[in-house]
Structures are given as C-alpha cells and as structure tokens.
Amino acid sequence: MSENRIRVRFAPSPTGYLHVGGARTALFNYLFAKKTGGTFILRIEDTDRTRFQEDSLKEIFDSLKWMGIEWTEGPEKGGDFGPYIQSERLDIYKEYAQILWDRGQVYPCFCTPERLEKMRKEKELRKEQHGGYDRRCREISKEEAQKRIDAGEPYVLRLKAPLEGSISFVDGIRGEIETPVTMVDDTVLMKTDGYPTYHLASVVDDHLMEISHVLRGDEWIASTPRHILLYKAFGWQPPVIAHLPVILSPDGGKLSKRKGAASVMDYKRAGYLPEALLNFLSLLGWNPGDDREIMSVDDIIEAFDMNRISAKPSVFDEDKLTWMNGQYMEHYDSAKLLADVEPMWAEKGLPVADFSAGYKEHVVSLFRVRCKKVTEFGENGGYFFKDPEDYDAKQAGKQFTTAVKPAFDKIVEKADGVADWNRAALEGLFHGIADELGMSAGKINPAVRLAVTGVGGGPDLFDMLELLGKDCVKRRVAAASAWIEKNV
RNA sequence: GUCUCCAUCGUCUAGCCCGGCCUAGGACAUCGGCCUUUCACGCCGACGACAGGGGUUCGAAUCCCCUUGGAGACGCCA
C-alpha cells in the first residue's frame, strides 16, 4: 500500500432524506475513489441532537445502496478508523478539545443564546459588516473562567481566531480563496451539551480517518477558513479541499421538495432507474471531455477526472433525466423491470398472478421502448391481463364500422386454421382476409388493435397478437364484432 | 448589508488554464420532415448563446479591470 493513499468520505447528517444534491456529492467522492483506487468512507455527522431523525439513517443508506454507491468503510461495514458515527466518538472530540485548551487556543464562553441573539440584532441595526461574535468572553481571566465553570455555569468552547490579516486556502476546483478575518469570528467548537460542533468534529475526524481529499458542497466554502484555522491550531496538514457547485431548481433557487421531487427515493418512486439517475447526476458539473452522455458507471469511473469538475452551479433539468431514463429503459433487463412493474399492475387490480413470469417479461419488453419511466408501465398494458371493458370513444367512432365487421368475423372464423400462432402467420392471415374482402390492411389493422386493446396506440400489432394467444384474440375480436352489431 | 464564489443556446455543456484551427461543437426541450398500416424508438433539418462596457494584443468566448446578474455564507445547524 502506498503512503499517499486516496481516502475520501461522504458525511451526511441524519436530519431527513438524502436529496439529489447530497447524492451527487456522494457520487463524486465515490467516483474519485474508484478512479484512483482509493477508499470511499461513509461517516454520519449526528452531532446535532435536536435535528436528529432515527429514520433518516436507513433512508440515507437505502438511497446510496439503491444508486449503487457502496461505501467500503463506515456504518454496517466497519473499518480500522471507526466508529463512523460521530455521536459514538464524543470522547475523542473531548480529548482533542482538551489539547487546544491546554495550549490556550480556545477559551470558555459563557454568553447565553439570548445575549448572542440580542448582540446580533444590535449589530444589524448599526449596519455592521457581519454578525459575528463580539468576543466578550475572550478576555475573561483564566482564574475567573475556572471559578465560573466550577460554579456550574454553562459554557461553550471557542477557538481564538486571529484578529487581523486574512486566511486563504487553495480550493481543489476553484483555486485560491482568500477570506478577510473580519468574516471569521471565534468559532464554537464544543457546545453546552458536550457535543462538538460540525467544525471540530469534521476536522478531527478527517484527520484521524486520514482523509486525503474533502469533496463537499459549496455551502461549506465560507466555513473552510475556520477549518484551516483548526488544522493550524492542531498543527495538522489539511487535506485537499474542493467544493462542488450547487444544484439548482429550474426557477434558479435551491432544489426543494416543494418544487417537485428532491430526494433520491422520490425519484425512485417517480419511476426513474438508479443507473439513469446516477448517469444524469454525474453530468451535472462534470463531463468526460467528449460527447458521450449515456455512460455506464464503469465508463464514468474510467473517464472521471477532478480537473474537469466545473465551479458553475447547474440546474436540474428533469426533462433530460426523463429522456436519459428512457434510453436506459430500452435496454434494461426485463426481469428487473418486472420486479418493479408487477406490483403496480397488481395494485390496479389486474390478475397478474394468473400469468407466467415469461409472459409478463414479454409484456414488459414490448413496452420498454415506449416508456420513459417505470411508472408508465403501470399505466399501460392492462389489456394484456384483462379483456378491454370499453373502447376509446373517438377511436371506436373511426375504426368500428360496418365495413370492418366482416373482417373481424373472418378473423374469428379462420383463427382456428392457424397452426403456428406467430406474427408471420398472422400477417399472412390478415393479408389474405384483406385481399378476400378487397380491403386495405390499413383499414383492418387499426380496428383489430382497438378491438384487442381498447385503445389506439401501443406495441406492434402482430407482436401483441402473438403474445395474447389465439383464444384471447378470437374472444376479443368476436366481442368487438358484437359491439359493432349492437352499436353501429 | 458584508464577505465569498459563479457567468457560452430556455436547460446540461465543449471550447477558456496553454489567446488564432470558433463561421462557437454536442445533448435535452421546442418546431418541421423522413421512417412506420398505430404509438414510441430511430434518422434528417430548423430555431437558438460567448451578460454589458472598457482595456491588453496584429488577433479575445479565451487574459485583466469595472458594471450588472445569479448563488452561497454570515447559528451552541450541518
């Protein structure tokens, strides 16, 4: 094993579902690890007890697994750098906070949330540059501080940030980013409840877990100077830090549930395939450098290059995702699709249990090219399991004429004579009947389609008739003939 | 408000770092057409962008500055 091994992590907070922006961050970390032969680590950042949601953990795990983004170290997998859940690492953070305490790099702050809020409000009124902490407790003497701590007064630990100059770091995607220290106040490292803040926990963990590259969302850019300060305080070498651009909704704002689906599982429910979502997400803010768009994960990994990640935010275009999904659908494994589709059919009350898996897969394969989302299968194809109960009114008016009735009757009559019920034989039969009656096939075929399905569009007629079988076709065409008798 | 980041077709983007090959390429969407005795797929075509203004240069989408616009951050949230 080489000395400079690549180790990356995805570190979500279990505060809800995994949204597509988070999934993209996870994906890029995963791709980078795979490309470089590195390790992809999952770490749970649950240091905010007030926002923690138990279900969220499962939701995040399921979302990642569904997309095929498998972590090699982390919860459920273990590893040499665990535990991978921050609430189980409290002693570690305390230990490292103590180190900073001993070095005089942090100080206790007794300011109450109420006072801080008041201070912020006043600052805002005075139109000061920004609402950072006013450092009131920074000058409290060690003796007095100790006295107040001993007296049981609640406090947080704050990092002593420099009072002048600027802090800069080289972003892996954007290059150098310099921040004036006026924007960086004395960051809270330990909260009153004894939990670390994100800043302390992630820096300590990234160091201890030997993370080589931090690839995260760009909402962290403004916090990075604080992290740099922390690395300095500890005397550690920071990892390469790179910030991914945000994903926006079509109206330009943040992608949210209100503007349609936003969580990975919502897209699953909406009928998208994991491969398509992954492919689509990979092309948001990145491209392989050539014109390829439909790419397997392996293709993407092969082509992946951090240098080609863009700094520009991108809009999540669901139309393009839908198109891409259709592309995947066309060649997707029928059995796999059926697993998702069958419950949809069953839910509509179709007697799917009465049909063989082979038959159902065949139905799926007939519709595959025509559907862009898995959910569309559920909306179509009912007539493969049940005779049509009525006919599309507009189509019926056009197709069901007294002129086609003789053709229907001939089909019923001659069907038994067809030895091999396949599309070639059926085409022959239909042509024969058309000739016999002096009709064009263009007249008969659409009418038969309507008779058999009840609707005007769908898979190739003869493929359908072959699959439906002789008895079924005879029955339905006869029913349509009777319908004409009665209604026309 | 302050700070930071970003800026090529409606959208995703190539080209930008290392100026000329850009008459700015591809994809989605849209609109036409072809294929098809349905629908879809597929194929062909059309529409369509270097945010604006200054520089630098023989030459700028590419480098610099300003303006404008957008996004993010400014918590004992992550």
Side-chain angles (χ1 to χ4, degrees), chain A residues 11-15 45-48 50-51 109 111-113 116-117 120 123-124 126-133 154-158 171 173-175 177-180 182-185 187-193 195-199 201-202 216-225 243 245-246 248 250 252-254 280 283-294 307-308 310-324 326-327 330 367-372 380 395 399 430 434 440-446 448-450 453 455-461 464:
Chain A
S13 294
T15 55
E45 314 228 313
D46 59 343
T47 56
D48 183 357
T50 61
R51 294 205 308 158
C109 169
C111 295
T112 61
L116 292 175
E117 200 185 326
R120 266 177 221 120
K123 278 204 169 194
E124 202 176 317
R126 291 200 308 269
K127 295 203 162 140
E128 281 195 21
Q129 302 185 32
H130 104 292
Y133 177 56
Y155 67 97
V156 301
L157 241 36
R158 286 184 186 271
D171 185 282
I173 292 169
R174 290 151 218 265
I177 294 177
E178 191 174 15
T179 312
T182 47
M183 293 304 295
V184 182
D185 65 0
T187 312
V188 174
L189 263 27
M190 291 295 282
K191 306 183 229 178
T192 325
D193 64 4
Y195 276 67
T197 58
Y198 169 86
H199 307 293
S202 76
R216 62 186 6 169
D218 78 352
E219 69 269 23
W220 292 107
I221 291 181
S223 300
T224 304
H243 294 97
V246 281
L248 305 170
K254 251 187 172 176
F280 178 73
L283 260 18
L284 245 36
W286 176 82
N287 71 79
D290 50 45
D291 284 343
R292 281 179 297 167
E293 292 204 299
I294 303 295
N307 294 322
R308 295 198 64 86
S310 157
K312 189 193 145 199
S314 43
V315 173
F316 193 97
D317 180 10
E318 201 158 315
D319 282 344
K320 187 147 188 179
L321 205 214
T322 302
W323 163 78
M324 197 170 264
Q327 296 290 309
E330 205 174 325
F367 273 105
R368 217 171 21 197
V369 197
R370 266 156 274 263
C371 293
K372 297 202 163 170
N380 294 297
Q395 288 292 322
Q399 309 291 357
F430 276 48
S440 78
K443 201 117 196 135
I444 299 176
N445 293 2
V448 173
R449 167 184 300 284
L450 184 63
T453 68
V455 294
D460 178 83
L461 179 64
M464 272 198 307

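By convention in this document, chain letters (A, B, ...) are assigned in the order of the sequence lines, proteins followed by strands, and residues within each chain are numbered from 1.
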Over how many whole Å does the gap from D193(A) atom CG to C76(B) atom P extend?
12 Å
Scan nucleotides 47-52 of chain B nucleotide by nucleotide, 5' to 3', and note B when protein non-hydrogen atoms come under 4.0 Å of the base, S if they reach only the sugar-phosphate, - if neither.
------
State whether K320(A) places a side-chain N or O below 4.0 Å from either non-bridging phosphate oxygen (OP1 or OP2) of U13(B).
no
Once side-chain contact (heavy atoms from CB on, under 4.5 Å) is applied, do any residues pair with Q327(A), and if so which ones, sequence neighbours excluded?
I294(A), W323(A)
Answer for the Watson-Crick or wobble partner of U62(B), both distances under 3.5 Å, is none
Value rounded to 0.5 Å, distance of CZ in F280(A) from CD in E318(A):
8.5 Å
Is the closest side-chain heavy-atom distance between S13(A) and Y198(A) below 4.5 Å?
no
Below 4.0 angstrom from OP1 or OP2 of U13(B), is there any side-chain N or O of S314(A)?
yes
Is E45(A) touching bases, backbone alone, or none of the nucleic acid, heavy atoms closer than 4.0 Å?
sugar-phosphate
Phosphate contact (G75(B) OP1 or OP2) by R120(A) side-chain N/O below 4.0 Å:
yes
Partner lookup for C18(B), please. Criteria are Watson-Crick or G-U wobble with both distances under 3.5 angstrom; report none if nothing qualifies.
none
Checking contacts here: which listed nucleotide (C12(B), C28(B), G25(B)) is nearest the side-chain heavy atoms of D291(A)?
G25(B)
Distance test, side-chain N/O of S223(A) to OP1/OP2 of A78(B), below 4.0 Å
no
For the CZ atom of R308(A) and the CG atom of N287(A), what is their distance to the nearest 0.5 Å?
4.5 Å
What does nucleotides 4-10 of chain B look like as a protein-contact string, B for base, S for sugar-phosphate only, - for none, at under 4.0 angstrom between heavy atoms?
SSSSS--
Could you check how far CD of E219(A) sits from P of C77(B), rounded to whole Å?
17 Å
Would you indicate what R308(A) reaches in the nucleic acid, counting non-hydrogen atoms under 4.0 angstrom: base, sugar-phosphate, or nothing?
sugar-phosphate
Listed by chain and number, what are the salt bridge (Lys or Arg N to Asp or Glu O under 4.0 Å) partners of E117(A), not counting sequence neighbours?
K121(A)
Just how far is it from atom OG of S223(A) to atom NE2 of H199(A), taken to the nearest 0.5 Å?
4.5 Å
Using purine N1 to pyrimidine N3 plus N6-O4 or O6-N4 for Watson-Crick, or N1-O2 and O6-N3 for G-U wobble, each under 3.5 Å, what pairs with G72(B)?
C3(B)
Interatomic spacing from CZ in R174(A) to CG in D218(A) - rounded to 0.5 Å:
5.0 Å
Reported CD1-to-CD distance for the pair I221(A) and E219(A), which is rounded to 0.5 angstrom:
9.0 Å
Report yes if a side-chain nitrogen or oxygen of N287(A) is closer than 4.0 Å to either non-bridging phosphate oxygen (OP1 or OP2) of A14(B); otherwise report no.
yes
Quick one: W220(A) CH2 to C77(B) P, roughly how many Å, whole number?
11 Å
List the residues meeting salt bridge (Lys or Arg N to Asp or Glu O under 4.0 Å) with D317(A), not counting sequence neighbours, and say none if there are none.
none
Note: D193(A)-K191(A) ion pair, threshold 4.0 Å (strictly below)
no
Round to a whole Å and report the spacing from OH of Y195(A) to C1' of A78(B).
15 Å
Separation of D48(A) atom CG from C77(B) atom C1', in whole Å?
5 Å
When you measure from the side-chain N and O atoms of R158(A) to the phosphate of C76(B), is any distance below 4.0 Å, counting only OP1 and OP2?
yes
Watson-Crick/G-U partner (both atom distances under 3.5 Å) of G45(B):
C31(B)
Protein-to-nucleotide contact annotation, 5' to 3' order, nucleotides 37-42 of chain B [B base; S sugar-phosphate only; - none; under 4.0 Å, heavy atom]
BBBBSS
May I have the distance from N307(A) (atom CG) to G15(B) (atom C1'), rounded to whole angstrom?
16 Å
Can you measure H199(A) atom NE2 to A73(B) atom P for me and round it to whole angstrom units?
12 Å
For U37(B), which nucleotide in any strand shown is its Watson-Crick or wobble partner with both distances under 3.5 Å?
none
Interatomic distance, E293(A) CD vs A29(B) P [rounded to whole Å]:
11 Å
Taking E330(A)'s backbone N and O only, do any of them form a donor-acceptor pair with R368(A)'s side chain (distance below 3.5 Å, no angle check)?
yes
Would you classify V188(A) as touching base, sugar-phosphate or nothing, given that sugar-phosphate means primed atoms plus P, OP1 and OP2, and contacts are heavy atoms under 4.0 Å?
sugar-phosphate
In whole Å, measure the gap between the C1' atoms of U8(B) and G26(B) for me.
13 Å
